[in-house]
Amino acid sequence: MKFQAPKGVSEYLPPKSQTFSWVRNQFARVIGSNGYELVELPVFEDTELFTRIGASTDVVSKEMYTFEDRGGRSITLRPEGTVGALRAVIEHGLDRGSLPVKVYYSGAYFRAERPQAGRYRQFYSVGAEAIGSEDPALDAEMIAMADSAFRSLGLSNFTLQMTSLGDSASRAAHRVDLVKFIAKLDLDEATRERAALNPLRLFDDKREEIRSAMSDAPRLLDYLSKESAEHFAQVQELLTALGIKFEINPRMVRGLDYYTGTTFEFVHHQLGAQSGIGGGGRYDGLMKEIGGQDISGIGFGLGVDRAILALEAEGKVPAPTTSDLFLIPLGVESKARVLQLAAELRASGLIVEVAYGDKSLKSAMKQADKSAARYSAVVGESELSAGSVEVKEMASGASTSVTLSALSKFFASK
RNA sequence: GUGGGCGUAGCUCAGCUGGUAGAGCACUCGGUUGUGGUCCGAGAUGUCGCGGGUUCGAGCCCCGUCGUUCACCCCA
């Protein structure tokens with residue numbers, strides 16, 4: 001019985017692991033360029049932090065990895081990033097300075113779901129939060145930031161969908177009418193229970209009969225208060241001014257129930273059922289709910305795993321970077337010199353590999369070929385006494401004689 | 001949690017109506033003296049996911065189980 005990775009986890013091995021870290025770096029770079037600062041947070045938190053905010057969502061009620069630690073505390077592997085980030089902001093008083101607080105984070109999340117394409121029990125996402133401003137410009141900038149994060153990867157076949165969930169008064173008014181509407185529908189038991197938890201979820205049902213039954217349902221967008229409607233209108237204007245295309249999707253429902261006001265989701269068109277590559281929204285009451293000031297915030301999560309699937313679907317996976325130089329020592333005496341040379345060249349920023357084992361030159365060359373190094377060089381006694389090596393460009397087969405001392409200069413021009 | 005597909009060498013898979021396993025790729029070595037990519041030769045590799053059952057005999061049939069995959073629910 002061989003050991004296997006736990007069910008439903010994604011693992012990134014070479015060369016895919018390069019894509020993985022590249023995606024995370026691109027996301028972080030774009031977010032950082034907006035002035036957001038990195039926070040490194042724990043992957044587990046007090047269970048209550050999560051149950052407080054989402055008892056009516058499957059994410060919290062059914063899909064959490066929860067366990068008791070040795071001190072009898074109930075601990076949960078984070079199923080999402082926002083509340084942990086807010087907890088840290090509140091705990092360390094980051095919101096006591098100038099607002100908004102702008103932070104981002106990158107890491108793994110855990111949900112005990114049945115795995116399928118694009119859905120894993122441990123998945124990675126990069127998130128950002130801006131807390132303490134209600135300016136619609138912040139909403140627009142947040143959305144634009146997510147958009148350019150995806151575009152920085154070269155992705156293009158996705159759509160930005162938006163809606164506004166309004167303020168609590170808007171939602172309460174809508175809910176009354178929606179519940180009345182749903183009560184008249186002929187629904188199965190499971191669906192009815194779902195609707196009881198959160199009637200909005202029926203808008204998101206994939207079954208055709210439910211979809212058509214819901215087509216006449218009262219829409220939250222029609223219930224927005226004047227302030228909410230105006231705020232949302234401004235967000236749309238600003239996005240249009242930024243040249244960012246979006247679709248208003250009044251049926252959109254987010255997985256976490258704390259969202260209010262502007263809510264958005266990026267949907268990729270070449271993925272399977274799990275097509276959301278990122279999304280987020282505004283949360284008015286969340287800071288207060290977990291013990292902070294009564295201020296609004298907005299944030300998003302960008303799915304790293306799904307972005308990678310999207311890159312593959314669009315054929316945009318970047319070519320993996322390879323070594324610059326593959327050094328082949330010939331004879332025991334040259335090993336020391338080769339290791340020394342390799343260290344020097346690496347210090348100047350090159351990726352340098354060395355052939356190990358006293359194989360034939362032929363197999364060492366084959367190894368160089370497989371490593372996909374751009375150049376190779378054999379270093380034997382004659383090279384050492386001559387003080388120069390033949391640097392061979394693997395693609396063309398052409399070689400150039402370079403003195404040992406000029407090697408790093410040679411590569412500086414390549 | 002529910003439903004369907006699939007589980008055979010490192011990878012992708014073949015294996016006809018049951019008769020005790022194969023291909024391609026990859027890997028290792030070689031095709032004589034210090035230069036790879038093509039070509040040729042040789043070689044290593046599997047408790048056919050696991051456990052039961054049917055049968056003279058099961059990779060092929062049945063049951064269970066685990067894993068995997070896709071979809072539902074849900075979501076990054």
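Proteins come first, then strands; the chains are lettered A, B, ... in the order of their sequence lines, and each starts at number 1. Worth knowing before you read on, the calculation uses all heavy atoms, side chains too, and leaves out hydrogens, waters and symmetry mates.
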Could you run down the sub-3.5 Å N/O contacts of the protein with nucleotides 70-76 of chain B?
from: B:rC70; atom 1: OP2; to: A:A117; atom 2: N; distance (Å): 2.8
from: B:rA71; atom 1: OP1; to: A:A273; atom 2: N; distance (Å): 2.9
from: B:rA71; atom 1: OP2; to: A:Q116; atom 2: NE2; distance (Å): 3.0
from: B:rC72; atom 1: OP1; to: A:K206; atom 2: NZ; distance (Å): 3.0
from: B:rC72; atom 1: N4; to: A:R119; atom 2: NH2; distance (Å): 3.2
from: B:rC73; atom 1: OP1; to: A:D205; atom 2: OD1; distance (Å): 3.4
from: B:rC73; atom 1: OP1; to: A:K206; atom 2: N; distance (Å): 3.1
from: B:rC73; atom 1: O3'; to: A:R194; atom 2: NE; distance (Å): 3.4
from: B:rC73; atom 1: O3'; to: A:R194; atom 2: NH1; distance (Å): 3.3
from: B:rC73; atom 1: N3; to: A:R119; atom 2: NH1; distance (Å): 3.2
from: B:rC73; atom 1: N4; to: A:Q116; atom 2: OE1; distance (Å): 3.3
from: B:rC73; atom 1: N4; to: A:R119; atom 2: NH1; distance (Å): 2.1
from: B:rC73; atom 1: N4; to: A:R119; atom 2: NH2; distance (Å): 3.0
from: B:rC74; atom 1: OP1; to: A:R194; atom 2: NE; distance (Å): 3.3
from: B:rC74; atom 1: OP1; to: A:R194; atom 2: NH1; distance (Å): 2.2
from: B:rC74; atom 1: OP2; to: A:R194; atom 2: NH1; distance (Å): 3.1
from: B:rC74; atom 1: O2'; to: A:E63; atom 2: OE2; distance (Å): 3.4
from: B:rC74; atom 1: O2; to: A:E113; atom 2: OE2; distance (Å): 3.4
from: B:rC74; atom 1: O2; to: A:R119; atom 2: NH1; distance (Å): 2.7
from: B:rC74; atom 1: N4; to: A:K206; atom 2: NZ; distance (Å): 2.9
from: B:rC75; atom 1: OP1; to: A:R201; atom 2: NH1; distance (Å): 3.4
from: B:rC75; atom 1: OP1; to: A:R201; atom 2: NH2; distance (Å): 3.3
from: B:rC75; atom 1: OP1; to: A:G255; atom 2: O; distance (Å): 2.5
from: B:rC75; atom 1: OP2; to: A:R201; atom 2: NH1; distance (Å): 2.9
from: B:rC75; atom 1: O3'; to: A:R111; atom 2: NH1; distance (Å): 3.1
from: B:rC75; atom 1: O2'; to: A:R111; atom 2: NH1; distance (Å): 2.7
from: B:rC75; atom 1: O2; to: A:Q274; atom 2: OE1; distance (Å): 2.8
from: B:rC75; atom 1: O2; to: A:R306; atom 2: NH1; distance (Å): 2.9
from: B:rC75; atom 1: O2; to: A:R306; atom 2: NH2; distance (Å): 2.7
from: B:rC75; atom 1: N3; to: A:Q274; atom 2: OE1; distance (Å): 3.1
from: B:rA76; atom 1: OP2; to: A:R254; atom 2: NH1; distance (Å): 3.4
from: B:rA76; atom 1: OP2; to: A:R254; atom 2: NH2; distance (Å): 3.3
from: B:rA76; atom 1: O3'; to: A:G276; atom 2: O; distance (Å): 3.1
from: B:rA76; atom 1: O3'; to: A:G278; atom 2: N; distance (Å): 3.2
from: B:rA76; atom 1: O2'; to: A:G276; atom 2: O; distance (Å): 3.1
from: B:rA76; atom 1: O2'; to: A:I277; atom 2: O; distance (Å): 3.4
from: B:rA76; atom 1: N7; to: A:R111; atom 2: NH1; distance (Å): 3.3
from: B:rA76; atom 1: N6; to: A:E113; atom 2: OE1; distance (Å): 3.2
from: B:rA76; atom 1: N6; to: A:Y120; atom 2: N; distance (Å): 3.4
from: B:rA76; atom 1: N6; to: A:Y120; atom 2: O; distance (Å): 3.1
from: B:rA76; atom 1: N1; to: A:Y120; atom 2: N; distance (Å): 3.1

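- Here the options are A:D58, A:V60, A:V59, the test is side chain to side chain contact (heavy atoms under 4.5 Å, CB included), and the partner is A:R111; only A:V59 passes.
- In summary, the aromatic rings of A:F27 and A:F150 are positioned with their centroids under 6.0 Å apart.
- Using a 4.0 Å heavy-atom criterion, one finds that A:K370 contacts the sugar-phosphate atoms exclusively.
- Proximity of the aromatic rings of A:Y124 and A:F20 is defined here by a centroid distance below 6.0 angstrom, and this criterion is met.
- Where pairing requires Watson-Crick or G-U contacts shorter than 3.5 Å, the helical stems of RNA chain B with at least three consecutive pairs are B:1-7 with B:66-72, B:10-13 with B:22-25, B:27-31 with B:39-43, B:49-53 with B:61-65.
- In the interface, the side chain of A:D369 is not paired with the base of B:rG37 through any donor and acceptor atom under 3.5 Å apart.
- The aromatic ring centroids of A:Y104 and A:Y36 lie 6.0 Å or more from each other.
- Other residues, nucleotides and ligands contribute more than 12 heavy atoms inside 6.0 Å of the CD atom of A:Q340.
- Residues A:T51 and A:E48 bring no donor and acceptor atom of their side chains to less than 3.5 Å of each other.
- When heavy atoms are screened at a 4.0 angstrom cut-off, A:A307 is found touching no nucleic acid atom at all.
- Counting non-hydrogen atoms under 4.0 angstrom, A:G8 reaches the backbone sugars and phosphates but no base.
- Using a 4.5 Å heavy-atom cutoff, the side chains of A:S74 and A:E68 are not in contact.
- The phosphate of B:rC29 (OP1 or OP2) has no side-chain N or O of A:S360 nearer than 4.0 angstrom.
- Positionally, the nearest nucleotide of RNA chain B for A:G397 lies more toward the 5' end than for the other of A:G397 and A:K7.
- The base of B:rG36 is paired with the side chain of A:K392 by a donor and an acceptor separated by under 3.5 Å.
- Between the side chain of A:S363 and the base of B:rG36, no donor-acceptor pair under 3.5 Å is found.
- The 12-atom threshold is exceeded at CD of A:E390, counting heavy atoms of other residues, nucleotides or ligands nearer than 6.0 Å.
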